[in-house]
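Structure record follows, encoded as structure tokens.
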Amino acid sequence: MSVIGRGTWIDKLARELLEREEQLGRSLDMIRVESGLGASGIPHIGSLGDAVRAYGVKLALQDAGYKSELIAYSDDLDGLRKIPEGMPDSLKEHLAKPVSLIPDPYGCHDSYGMHMSSMLLDGLDRVGVKYEFRRAADTYKKGLLSEQIHTILQNSAKIGSKIAEMVGQSKYETSLPYFVVCENCERLYTTQSLEYIPDERKVRYSCKDAVIGDSQIPGCGHEGEADIARSLGKLAWKVEFAARWAAFDVRFEAYGKDIMDSVKVNDWVADEILRYAHPHHVKYEMFLDKGGKKISKSLGNVITAQKWLEFGTPESILLLLYKRITGARELGFDDIPGLMNEYNELEDVYFGRTKVENPAKLTKSRGLYEYVNLLEPPSVPGIHVNYMLAVELARIFKEDRVTRVVKKLTEYGVIKESDDVENLVSLAGRYSDEFDRQETVHIEIDDAAKKALRELAGKLAGSPGDIQNIIYDTAKSNGVPPRDFFRILYQIILGTTRGPKIGPFISDIGAQKTADAIMRHV
RNA sequence: GGGUCUAUAGCGCAGCCAGGUAGCGCACCGGACUCUUAAUCCGGCUGUCGAGGGUCCGAAUCCCUCUAGACCCGCCA
């Protein structure tokens with residue numbers, strides 16, 4: 001079989017998409033791909049993944065000679081359903097309101113929704129993904145979906161029974177798939193859409209008490225009519241994607257398996273109600289935390305791009321997201337070291353420093369490397385330092401860290417003096433501070449060892465000489481087994497029971513300083 | 001009730017989506033270096049690829065059935 005594009009799943013997906021579009025006979029002048037951004041909780045790496053992968057498809061399409069753009073669409077008319085972990089309780093009064101109408105609790109954006117969306121966009125910016133930003137609030141305000149809304153509401157009975165048939169949800173058999181934002185109290189999930197008046201293009205609604213999750217949300221009792229092109233309101237998810245695809249001419253959208261049912265229904269609505277052939281899809285699994293639990297936007301176990309980038313490079317995120325799309329993934333920050341090293345291995349393959357026999361695998365690895373670099377791979381390889389080695393060194397050197405770790409790496413022959421690895425050392429340093437906390441060990445020192453330590457401290461304070469031998473001799477002459485004596489020294493100096501060869505190490509950190517540290521323990 | 005994913009060495013995992021000699025890390029064993037703890041380096045062992053069937057010259061990989069576990073949907077968005 002011949003190689004498609006650059007040999008990755010992304011190229012294969014783009015090929016499928018193009019073949020389907022050709023069959024449909026649609027214009028290929030501009031192929032839009034879309035990613036929906038949740039705006040009601042802290043955006044985690046899975047949300048970022050949706051957009052990053054869509055961007056990958058955009059790149060593949062461009063690579064195949066087509067014009068393409070990524071629409072990043074913020075669902076900021078969605079209502080706030082519960083207060084995310086760690087957010088102020090004052091949000092309670094805003095429950096059930098669209099997140100774009102809730103003030104930003106941090107005060108830095110024009111709304112709660114924009115605060116959340118901006119976090120995700122910041123993540124995209126920092127890994128180098130380009131996008132066209134759109135938001136639900138503007139889309140509905142401008143009436144961009146009004147034709148689709150009109151068609152959907154006219155067919156609501158047919159859609160309602162189809163939803164019940166396809167996914168077993170009976171709700172839309174009796175109510176319209178449209179939520180009005182109450183013009184009196186600004187709440188969205190408290191309104192019931194009673195009737196659609198096609199001639200006026202208005203939805204008649206009333207605002208009543210509602211239960212969302214654990215919370216009882218009071219309605220204000222208001223009754224009114226909402227103009228689908230002007231008033232604030234939105235379609236239910238079961239039909240909203242379809243309207244958006246048709247209005248924006250979207251040809252591709254990935255989705256997580258949690259919204260599989262919604263996508264199934266929306267595909268049908270697009271095809272049969274709106275007469276717009278639904279976009280091509282790919283389904284991906286959720287990222288789970290290390291216990292196998294779903295990472296929840298509103299729970300605490302969230303891995304954000306911002307946090308990840310404190311410890312890893314943008315490339316480590318892109319590698320995570322591009323290496324494969326299938327399969328459930330348990331994800332934690334402890335995956336960073338592996339991904340950092342894997343990127344280097346990939347780079348070695350790309351530049352031919354590592355031989356790969358299987359030509360298919362070579363193509364695939366090279367392709368993956370290119371996508372991780374957003375199809376603009378560097379012309380020369382970077383400097384490779386094993387990430388965990390950098391973390392280990394960073395753990396030892398806390399003061400004046402970058403300089404000392406770099407010096408050590410140079411001594412080890414890992415890097416040349418002129419190499420710039422400061423960024424890597426900083427990343428590794430933060431990783432070591434955050435995750436590599438050493439257990440505080442209780443140090444047991446008997447009298448013989450204490451005597452030996454005092455003697456050693458005195459010798460170190462004088463002329464150091466061959467420290468390794470001095471330590472060994474001091475232990476022996478005081479009747480302390482060298483093994484125990486070394487262990488005590490590691491505990492005093494590093495807080496661990498083992499470490500690098502200790503003589504040269506003491507020279508590094510200073511004999512006098514070590515002597516002082518020893519004296520504090522005897 | 002509906003759906004998806006996972007199962008590979010003692011442990012943790014990659015390889016599967018484009019079939020071509022079963023891999024990595026840790027652990028373990030041997031060796032080197034060290035009058036010398038630890039580290040380091042070199043070499044080695046470890047497998048009915050969950051079970052059964054099918055396709056194929058050839059299957060961990062593709063197809064079907066089954067078993068076990070996890071997750072999602074069946075509120076809402």
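Numbers restart at 1 for each chain; the letters A, B, ... are given by sequence-line order, proteins then strands. The structure displayed is predicted, hence computed values, not measured ones.
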Exercise for review: Tell me whether the centres of the aromatic rings in A:Y369 and A:Y343 are closer together than 6.0 Å.
Suggested key: yes
Exercise for review: May I have the distance from A:D348 (atom CG) to B:C24 (atom P), rounded to whole angstrom?
Suggested key: 17 Å
**Study point:** Per A:K364 side chain, nearest of listed nucleotides B:G3, B:A14, B:C16
**Key:** B:C16
Check your understanding: Roughly how far apart, to the nearest Å, are B:U55 and B:U61 at atom C1'?
Key -> 13 Å
Check your understanding: Between B:G3, B:G15, B:U4, which nucleotide has the shortest distance from any of its atoms to the side chain of A:M260?
Key -> B:G3
Exercise for review: Return the value, rounded to whole Å, for the distance between atom CG of A:L331 and atom C1' of B:C5.
Suggested key: 16 Å
Practice item. Starting from P on B:C13, measure out to NZ on A:K323 and report it in whole angstrom. Key: 13 Å
Review point. Where does the angle between the aromatic ring planes of A:F311 and A:Y431 fall among parallel (under 30°), tilted (30 to 60°) and perpendicular (over 60°)?
Key: perpendicular
Revision key, fill the gap. Separation of B:U61 atom P from A:R324 atom CZ, nearest Å, is 17 Å
Review point. What's the closest nucleotide to the A:W9 side chain, out of B:C17, B:A14, B:U4?
Key: B:C17
Exercise for review: May I have the distance from A:I217 (atom CD1) to B:C75 (atom C1'), rounded to whole angstrom?
Suggested key: 14 Å
Exercise for review: Would you mind classifying the nucleic acid contact of A:G338 as base, sugar-phosphate or nothing, using non-hydrogen atoms under 4.0 angstrom?
Suggested key: nothing
Exercise for review: Could you work out the separation of B:A18 and B:C63 based on their P atoms and round it to a whole Å?
Suggested key: 10 Å
Exercise for review: Between B:A39 and B:G23, how far apart are the C1' atoms? Round to whole Å, please.
Suggested key: 27 Å
**Study point:** Atom of A:L77, atom of A:A136 and distance for their closest heavy-atom approach
**Key:** N-CB, 3.8 Å
Review point. When you check the side-chain N and O atoms of A:Y255 and A:D50, is any donor under 3.5 Å from an acceptor?
Key: no
Check your understanding: Which whole number of Å gives the distance between the C1' atom of B:C49 and that of B:C62?
Key -> 16 Å
Practice item. Looking at every strand, decide which applies to A:F241 at a 4.0 Å heavy-atom threshold: base, sugar-phosphate, or nothing. Key: nothing
Point to revise | C1' spacing across the pair B:U46 / B:A38, given as an integer number of angstrom | key: 27 Å
Point to revise | First encountered from the 5' end of RNA chain B, between A:G168 and A:E240 | key: A:G168
Study note, to complete from the structure: Smallest heavy-atom separation, A:S117 atom then A:A39 atom, equals OG-CB, 3.7 Å
Exercise for review: To the nearest Å, give me how far apart CG (A:L368) and C1' (B:A18) are.
Suggested key: 15 Å
**Study point:** Secondary-structure string, 5' to 3', Watson-Crick or G-U under 3.5 Å, | for another-strand partners, for RNA chain B
**Key:** (((((((..((((......[..)))).(((((.......))))).....(((((..]....))))))))))))....
Point to revise | Spacing between A:N341 atom CG and B:G25 atom P, to the nearest angstrom | key: 12 Å
Check your understanding: Could you state the CG-C1' distance from A:D335 to B:G12, rounded to the nearest angstrom?
Key -> 11 Å
Point to revise | Per A:D261 side chain, nearest of listed nucleotides B:C17, B:C73, B:C75 | key: B:C73
Exercise for review: For B:U21 and B:A59, measure between their C1' atoms and round to the nearest Å.
Suggested key: 14 Å
Point to revise | Test log, rule ring pair (Phe, Tyr, Trp, His ring centres under 6.0 Å), inputs A:H281 and A:W245 | key: CA-CA 12 Å; A:H281 297 298; A:W245 296 335; 5.3 Å; yes
Check your understanding: Quick one: does A:V180's side chain get under 4.5 Å of A:S193's, heavy atoms only?
Key -> yes
Practice item. Answer yes or no: is there an ion pair linking A:R244 with A:D75, defined by an N-O contact shorter than 4.0 Å? Key: yes
Point to revise | 5' priority, RNA chain B, between A:K283 and A:V211 [closest heavy atom] | key: A:K283
Check your understanding: Per the atom types in the model, does the base of B:C71 pair as donor or acceptor with the side chain of A:K257 at under 3.5 Å?
Key -> yes
Check your understanding: Which nucleotide, B:A18, B:U4, B:G15, lies nearest any side-chain atom of A:K12?
Key -> B:A18
Check your understanding: Which whole number of Å gives the distance between the C1' atom of B:G12 and that of B:G53?
Key -> 32 Å
Review point. In whole Å, what separates the C1' atom of B:G15 from that of B:A60?
Key: 8 Å
**Study point:** Lys/Arg N to Asp/Glu carboxylate O, A:D11 vs A:R6, below 4.0 Å
**Key:** no
